Amino acid sequence: MRTAMQLMLWYLKNEGLEESGAYYKAKMLLEKEKEDLMKAFSDGQETPINHPTLPHYSREEYYNDNYNKDK
């Protein structure tokens, strides 16, 4: 699965715009998106609705397993 920012970077790269300001800003926003996704996941892990036998992943494991597969 790719996030919207990953798709934007892919598009800019395929259009030959890797040297553009838009590509640089999208890379910065990708880092912010990554932090937000990992925080949301870890916040969800702390809620009591999770079943106690579900595995607990670290924030980084969750992000890499779900969004960083086809970098």
Side-chain angles (χ1 to χ4, degrees):
M1 172 177 13
R2 288 186 179 178
T3 67
M5 290 310 303
Q6 288 171 329
L7 289 173
M8 176 60 81
L9 285 169
W10 176 84
Y11 172 79
L12 291 170
K13 186 176 181 178
N14 284 340
E15 292 295 315
L17 299 171
E18 285 183 274
E19 302 300 319
S20 70
Y23 187 83
Y24 173 74
K25 288 180 182 178
K27 290 223 25 129
M28 289 178 21
L29 290 171
L30 178 63
E31 286 303 311
K32 172 70 171 122
E33 180 185 56
K34 179 180 176 179
E35 291 171 18
D36 291 347
L37 287 167
M38 290 191 305
K39 181 176 181 340
F41 176 76
S42 63
D43 289 351
Q45 286 278 340
E46 294 171 6
T47 61
I49 61 170
N50 284 337
H51 194 275
T53 61
L54 290 176
H56 271 77
Y57 293 107
S58 73
R59 296 162 62 144
E60 290 80 15
E61 287 174 318
Y62 167 76
Y63 182 84
N64 289 332
D65 285 350
N66 290 283
Y67 301 105
N68 214 17
K69 290 180 182 176
D70 51 5
K71 236 185 166 188

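For the numbers below, each heavy atom of this structure counts, side chains included, while hydrogens, waters and symmetry mates do not. The model shown is predicted, which means the values in this text are computed figures rather than measured ones. All residue numbers refer to positions in the sequence shown, counting from 1.
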Can you measure from [atom1] ([X]) to [atom2] ([Y]) and round to the nearest 0.5 angstrom?
{"X": "N66", "Y": "T3", "atom1": "CG", "atom2": "OG1", "result": "11.5 Å"}
{"X": "E31", "Y": "E33", "atom1": "CD", "atom2": "CD", "result": "10.0 Å"}
{"X": "L9", "Y": "R2", "atom1": "CG", "atom2": "CZ", "result": "10.0 Å"}

Neighbour count above 12 (heavy atom, 6.0 Å) for M8 CE: no
Audit row: L7, Y11, side chain to side chain contact (heavy atoms under 4.5 Å, CB included) steps and yes/no: CA-CA 6 Å; L7 289 173; Y11 172 79; over 6 Å; no
Y23 vs K27, side chain to side chain contact (heavy atoms under 4.5 Å, CB included): CA-CA, chis, key distance, verdict: CA-CA 6 Å; Y23 187 83; K27 290 223 25 129; 3.5 Å; yes
Contact summary for A26 and L12, nearest pair of heavy atoms: CB-CD1, 4.2 Å
Polar side-chain atom of E35 near backbone of K32 as donor-acceptor pair, under 3.5 Å: no
Backbone of Y67 reached by a side-chain donor or acceptor of Q6 within 3.5 Å: yes
hydrophobic_cluster_shared for W10 and Y24, side chain cutoff 4.5 Å: no
